[in-house]
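So the structure is just underneath, and the comments pick up after that.
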There are 4 protein chains.
Amino acid sequence: MSPRSKAQFEEIREASTKKILEAALELFGTRGYEATSIAQIAKSAEVSKGLVYNYFESKEHLLEAVVMDLMNIGDEMVEQMLDPDPAKTLENLIKTVFQWLAENDRLNRLLVSLSTQLDRFQFVRDLASKKMDGYLMMLEELLQKLDFEDAKTEARILATFFDGIALHVMMMKEEYPLLEVQEMLINKYCKNSTVN
Amino acid sequence: MSPRSKAQFEEIREASTKKILEAALELFGTRGYEATSIAQIAKSAEVSKGLVYNYFESKEHLLEAVVMDLMNIGDEMVEQMLDPDPAKTLENLIKTVFQWLAENDRLNRLLVSLSTQLDRFQFVRDLASKKMDGYLMMLEELLQKLDFEDAKTEARILATFFDGIALHVMMMKEEYPLLEVQEMLINKYCKNSTVN
Amino acid sequence: MSPRSKAQFEEIREASTKKILEAALELFGTRGYEATSIAQIAKSAEVSKGLVYNYFESKEHLLEAVVMDLMNIGDEMVEQMLDPDPAKTLENLIKTVFQWLAENDRLNRLLVSLSTQLDRFQFVRDLASKKMDGYLMMLEELLQKLDFEDAKTEARILATFFDGIALHVMMMKEEYPLLEVQEMLINKYCKNSTVN
Amino acid sequence: MSPRSKAQFEEIREASTKKILEAALELFGTRGYEATSIAQIAKSAEVSKGLVYNYFESKEHLLEAVVMDLMNIGDEMVEQMLDPDPAKTLENLIKTVFQWLAENDRLNRLLVSLSTQLDRFQFVRDLASKKMDGYLMMLEELLQKLDFEDAKTEARILATFFDGIALHVMMMKEEYPLLEVQEMLINKYCKNSTVN
DNA sequence: GATGAATGAGTGTTCATTCAT
DNA sequence: GATGAATGAACACTCATTCAT
């Protein structure tokens, strides 16, 4: 009865959605959300303006979809760095953060830029808040195992520092001495257990 | 209708310019650059739209003037914290940074948000780059005096960390444990000379 | 996969057409023609957008079909009120008009609203004009039999009045005193023969 | 100080406002509110789209302004027809209504068309409701003085009839026999007192 | 016969900027 | 120096219509 099967339609939908999401990420990440127009996204995705609205209710919903996509990727990465040795886990974590920053310039820029507009995008605030809490708890636990005195504040410092790096890498790109900083950080935090 | 002296004109110019700059800073800081219109600035400064364009070539030039103003204030602050004892100077510096962040929510937000658009605002890139270099050099010198081994990287870490705090305070406002973090930071960096 | 007979196809066609027409009537009547989208009609008729265009050339042609449908219903009603006694026929007519208005809020609204756009919908103009002529002639004939002096103008007045009620009922809904008005109207027009 | 005086600005504003209001009335009245775009109004008023929004917050506010303008005119007319003799006043009223309909085609069409969208335009509903109440009371009073038995319902009938004429004139324009209908109406209602 | 993905012209609205005075 | 009326390009979004399957 139907001319195309459900599966065929699904394929088409997915392909178009993907093209749009990728274009949106690219542009939101490089120019920022406000400075990117739907027309630009459509053009970059080689698609009509109207189609964007077939798949996403509004520009803001498109942004939400882009961010949600990213978050899922983030979760997967965390699981891969667990290790029986807490020092090793922390080292993995640090290395992963640094590597991610080196490779995901546009996502990084998008996330930082959104963090300046938390009031406007409630969903970002909720998401960031939840992520940050999980983040902090994990770090605190690790640092406790590594016998840090005030693990809670140390975790805060480490988390703050990670985002500081995100900001600086975003601003300076390759000029930021990621390797040196990473090494010193590992020295400071992952060699602690042996010292104490 | 007595003709006005040059000085009088100059006074008027300066007063109007100041009113506009203040309104622009306030609005750019709270709503963001994109979301603030020239009409809003003019209204808030109790001035006509046309007058804004008499003093500033464009919205972007107005932004530039606002940022320049901020930077000058920053320079003044640095001079006030110098102390013969490097540990004391560093402590002053840390305290000043923390205090500024606690008190200047909107400026902080404006600066962070501009840092995400360095490609668009070339003058911000140049400015930030120059400031950062001076900043880093000053920190490196201090840390060297405090006998840190790799003072260059430590300076980088400290600068990165400051901006990380800026980012987190902007996001979390009063919820960020500024005091605890500040204390731990002072312990880590300003007690070094006595230890070594 | 048995081939379907012509009759079966015809049945399918008719069923789909009917569903679409009903949905369109409902939506045009409640939201208005401009404010109703083809997508809404298709959804409400549980049919694809494409199918609507299989059966109706355009949105405007669909409207035309809807209106034609309505008109046929109107014709059927007229035949049911004929009576040997002209006074009785007129009374039937009045009562039918009032009852229809009380029961067909949405159709009434659609027709009035279309009458304000006669220039745009030529077919409505033609249709309305033809209907009105027949209407007037019937009324004139009746009133002549009831010995009204200037039956032509009286017929015009009655017809005008009917549409005035349509307008007011549409605006005021239940607040309009349909019963009182109906009674007075019957008194004025259907008791004439006994007086003269 | 100011380049143009307040009065000059006021003049300019008024002239532009008037041009826009006139164009809007013309187009809303002929094509309807929905079918008229701001672009069309601006073009017809020989003005930029942007200017329309300088003077009117939104398309709906523009409509409101147009309608309010009309209503004020209506009020002025009522006062001019009062007469010590109620029969004469009623006659004046009838004549005024008929004359207004003959001369104000577009306003009439606009008002009828808005009456089909009372739910959408709250301000029209409020306005119409208030006008109608005053209208009915005045008619009732007049008819009471003229010794009509059920003056309340008669007033309702007259008011309904007026709007019926409005509807028919709007549809048929010059083809509607305004004069004959007017004469018969005056005969029916304004000769009553002498008979009784 | 039937589907719904895709298009593009059009909508209401905003706003940086210009300019006559 | 100062005003605000005026412009026009741009924006987010809608929707009648087409078409490959």
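Chain letters run A, B, ... following the sequence lines, proteins first, then strands; residues in each count from 1.
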> Below 3.5 Å, does any donor atom in the side chain of D:K49 face an acceptor in the base of E:dT13, or the other way round?
Replying inline: yes

>> In this structure, how many angstroms lie between the C1' atom of E:dG12 and the NZ atom of D:K43, rounded?
In response: 18 Å

> Over how many whole Å does the gap from A:K19 atom NZ to E:dA5 atom P extend?
Replying inline: 14 Å

> Is there a donor-acceptor contact under 3.5 Å from the side chain of D:E14 to the main chain of D:E11?
Replying inline: no

>> Please check if the number of heavy atoms outside C:Q122 that lie under 6.0 Å from its CD is greater than 12.
In response: yes

> Would you say a side-chain N or O of B:R13 is under 4.0 Å from OP1 or OP2 of F:dG1?
Replying inline: yes

>> Please confirm whether the shortest side-chain N or O distance from A:S37 to OP1 or OP2 of F:dC11 is below 4.0 Å.
In response: yes

>> Is B:N54 close enough to F:dG1 that one of its side-chain N or O atoms is under 4.0 Å from OP1 or OP2 there?
In response: yes

>> At less than 4.0 Å, is any side-chain N or O atom of C:S16 found next to OP1 or OP2 of E:dG1? Yes or no.
In response: no

> Is any side-chain N or O of B:K59 closer than 4.0 Å to OP1 or OP2 of E:dA16?
Replying inline: yes

>> Nearest heavy atom decides the nucleotide; on that basis, is A:V47 or D:I38 closer to the 5' end of DNA chain E?
In response: A:V47

>> Taking the cut-offs as 6.0 angstrom to the six-membered ring centre and 45 degrees off its axis, would you call D:K59 and D:Y53 a cation-pi pair?
In response: no

> Separation of B:L27 atom CG from E:dC15 atom C1', in whole Å?
Replying inline: 15 Å

>> Need the pair for E:dT13. Rule: Watson-Crick or G-U wobble, both distances under 3.5 Å, any strand; none if unpaired.
In response: F:dA10

> Shortest non-hydrogen contact from D:T116 to C:M170?
Replying inline: CA-CE, 3.4 Å

> Using 4.0 Å as the upper bound for N to carboxylate O, is an ion pair formed by C:E34 and C:R120?
Replying inline: yes

> What is the distance from CD1 of B:I41 to P of E:dT17, rounded to the nearest Å?
Replying inline: 11 Å

>> Any strand counts, and the cut-off is 3.5 Å on both contacts for Watson-Crick or G-U wobble. Which nucleotide pairs with E:dT18?
In response: F:dA5

>> Output the rounded distance in Å from CZ (C:F9) to C1' (E:dA2).
In response: 11 Å

> E:dT11, E:dA6, E:dG4: which one has an atom nearest the side-chain heavy atoms of C:S48?
Replying inline: E:dG4

> Is C:K19 salt-bridged to C:E46, going by a charged N under 4.0 Å from an acidic O?
Replying inline: no

> Just to confirm, is there a sub-4.0 Å distance from OP1 or OP2 of F:dT17 to any side-chain nitrogen or oxygen of C:Y53?
Replying inline: yes

> How close or far is atom C1' of F:dA12 from atom CZ of A:F56, stated in whole angstroms?
Replying inline: 16 Å

> On a plain distance test, is the side chain of D:K6 in donor-acceptor contact with the base of F:dG4 below 3.5 Å?
Replying inline: no

>> Please compare D:L51 and A:I12 by the position of their nearest nucleotide in DNA chain E and report the one closer to 5'.
In response: A:I12

> Which whole-number value in Å describes the distance from C:R31 CZ to F:dC15 C1'?
Replying inline: 14 Å

> Between atom OH in C:Y55 and atom C1' in F:dA16, what is the gap in whole Å?
Replying inline: 20 Å

> Base, sugar-phosphate, or nothing for A:T36, non-hydrogen atoms under 4.0 angstrom?
Replying inline: sugar-phosphate

